[in-house]
Amino acid sequence: MCPVTDLNAVEKNVPILSVEHLKKNFGEHEVLRDITFDVPQGDVVSIIGSSGSGKSTLLRCINFLEHADAGQMELDGVSFDVKNPGKQNILYMRRNTAMVFKQFNLFKEKNARENVMMGLTHVQNKSKEEAEKIADDLLDKVGLSERKEFFPSQLSGGQQQRVALARAIALNPKAILLDEPTSALDPEMIGEVLDVIRQLAKEKRTMVIVSHEMNFIYQICNKVLFMDGGVVLESGTPEEVFVHTKEERTRQFLSRVHISDGKKGEEK
């Protein structure tokens with residue numbers, strides 16, 4: 001199984017990921033204008049906002065699936081300029097963060113076990129036997145012990161996303177980036193994926209989540225960032241953002257979300 005998170009580091013609330021003054025343009029369109037935030041180790045940070053506000057682009061810039069135009073990043077003490085990061089820093093970020101996509105991005109020609117094993121054998125150079133043991137343990141963990149030899153085409157959307165989550169945690173990344181992990185799922189499949197993410201949060205896995213599941217965000221996140229127009233317009237604890245909202249634009253966005261008894265969000 002993967003190593004357990006360093007609880008001493010978690011207790012100190014040390015930022016494992018820092019983003020400072022990140023900017024990204026697509027032509028003349030300024031998608032990210034000036035993004036700054038920290039993610040303490042073991043925390044779950046959620047990014048919310050309307051479609052087109054830059055949320056997914058931000059995650060992709062962190063993982064270098066997109067290259068930002070300006071800014072600084074630091075992951076576990078390694079810092080660099082995102083405009084000129086160098087190949088080693090890009091490789092470092094990709095090896096130490098894991099991305100979970102809305103469309104699963106599994107290898108269609110490989111079964112569930114083989115999808116989870118890929119990074120273990122190709123990135124961490126583990127033996128086939130060791131990688132297979134880790135993959136089987138993680139697929140058991142996400143409730144797919146009976147589907148290990150099934151191919152993506154034989155799995156439901158929820159099952160595919162659970163394989164993607166197992167693949168993400170297999171490498172024991174310093175941070176997991178989740179880009180709307182339930183948006184491509186049918187309503188009845190959403191819960192099974194959220195249950196896995198909830199368990200990862202209980203294990204103090206560091207996560208940055210882009211999601212429209214407001215109830216879920218309110219329940220599990222340590223911090224919420226509301227993005228609008230390429231900037232973080234408001235941030236704070238879930239209670240600060242959802243209940244004691246400061247910005248009118250945030251209030252408009254959350255107008256259909258009701259917080260019941262200050263503990264749980266329920267959409268009207």
Side-chain angles (χ1 to χ4, degrees), residues 44-60 63 65 98-119 135-136 138-170 176-203 205 207-221 224-227 238 242 253-260 263-268:
V44 181
V45 174
S46 180
I47 304 171
I48 64 173
S50 301
S51 297
S53 59
K55 308 182 302 295
S56 294
T57 299
L58 174 56
L59 286 193
R60 292 175 67 85
N63 195 245
L65 294 173
M99 193 89 169
V100 177
F101 301 89
K102 63 184 75 175
Q103 295 293 346
F104 324 134
N105 285 25
L106 299 178
F107 293 100
K108 296 180 181 180
E109 72 281 4
K110 296 186 180 298
N111 63 32
R113 177 192 284 124
E114 291 168 337
N115 265 280
V116 178
M117 290 173 61
M118 283 286 289
D136 284 353
L138 289 174
L139 288 170
D140 286 345
K141 181 175 183 173
V142 300
L144 293 175
S145 57
E146 305 300 322
R147 297 290 188 271
K148 297 172 187 177
E149 296 183 3
F150 283 45
F151 289 85
S153 62
Q154 299 172 304
L155 300 172
S156 69
Q159 290 170 340
Q160 289 185 64
Q161 194 62 295
R162 281 186 280 160
V163 173
L165 285 164
R167 180 178 62 181
I169 61 178
I176 304 173
L177 312 174
L178 301 100
D179 186 11
E180 299 188 28
T182 60
S183 67
L185 301 179
D186 293 332
E188 64 267 24
M189 298 178 185
I190 291 175
E192 61 191 41
V193 172
L194 295 183
D195 285 344
V196 174
I197 299 172
R198 185 178 289 109
Q199 181 58 40
L200 296 179
K202 290 179 180 178
E203 295 172 6
R205 299 269 185 177
M207 292 184 281
V208 182
I209 305 176
V210 169
S211 178
H212 293 287
E213 298 290 337
M214 298 301 156
N215 304 342
F216 181 71
I217 287 168
Y218 186 82
Q219 293 167 22
I220 74 158
C221 289
V224 178
L225 311 178
F226 172 67
M227 285 187 64
F242 283 84
F253 177 78
L254 295 172
S255 61
R256 294 186 65 253
V257 178
H258 172 65
I259 306 302
S260 177
K263 296 179 180 178
K264 182 179 179 181
E266 296 179 351
E267 286 192 6
K268 295 179 180 178

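Please read these numbers as outputs of a predicted model, since none were measured by experiment.
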Are [X] and [Y] packed together at the side-chain level, in the sense that at least one heavy-atom pair is separated by less than 4.5 angstrom?
X	Y	answer
S183	H212	no
E114	N111	yes
L139	R147	no
V163	V142	no
L254	F226	no
K110	M117	no
R60	F101	yes
L165	L178	yes

> Is the count of non-hydrogen atoms from other residues, nucleotides or ligands lying under 6.0 Å from E109 atom CD greater than 12?
Replying inline: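 Buried by this count: over 12 neighbours within 6.0 Å.
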> Should we say atom CD of E188 is surrounded by more than 12 heavy atoms from elsewhere, each under 6.0 Å from it?
Replying inline: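 Enclosed.
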Would you give the length of the straight line joining atom [atom1] of [X] to atom [atom2] of [Y], rounded to the nearest 0.5 angstrom?
X	Y	atom1	atom2	value
N105	Q161	CG	CD	9.0 Å
L177	L59	CG	CG	5.5 Å
F242	I217	CZ	CD1	5.5 Å
S53	L225	OG	CG	11.0 Å
L58	M227	CG	CE	5.5 Å

Taking [Y]'s backbone N and O only, do any of them form a donor-acceptor pair with [X]'s side chain (distance below 3.5 Å, no angle check)?
X	Y	value
S46	I209	yes
K141	A166	no
R167	N115	no

Nearest non-hydrogen partners of [X] and [Y], listed with the distance:
X	Y	value
F151	K108	CD2-O, 3.7 Å
V100	P181	CG1-CB, 4.4 Å
I48	S211	CG2-O, 3.8 Å
K102	A184	O-CB, 3.3 Å
Q160	L155	NE2-O, 3.3 Å
M207	I197	CE-O, 3.7 Å

>> Between D179 and M99, does the side-chain contact (heavy atoms from CB on, under 4.5 Å) criterion hold? Intermediate values first, please.
In response: CA-CA 8 Å; D179 186 11; M99 193 89 169; 4.2 Å; yes
> Who passes side chain to side chain contact (heavy atoms under 4.5 Å, CB included) against M189, sequence neighbours left out?
Replying inline: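 Result, side chain to side chain contact (heavy atoms under 4.5 Å, CB included) vs M189: S156, L185, D186, E192.
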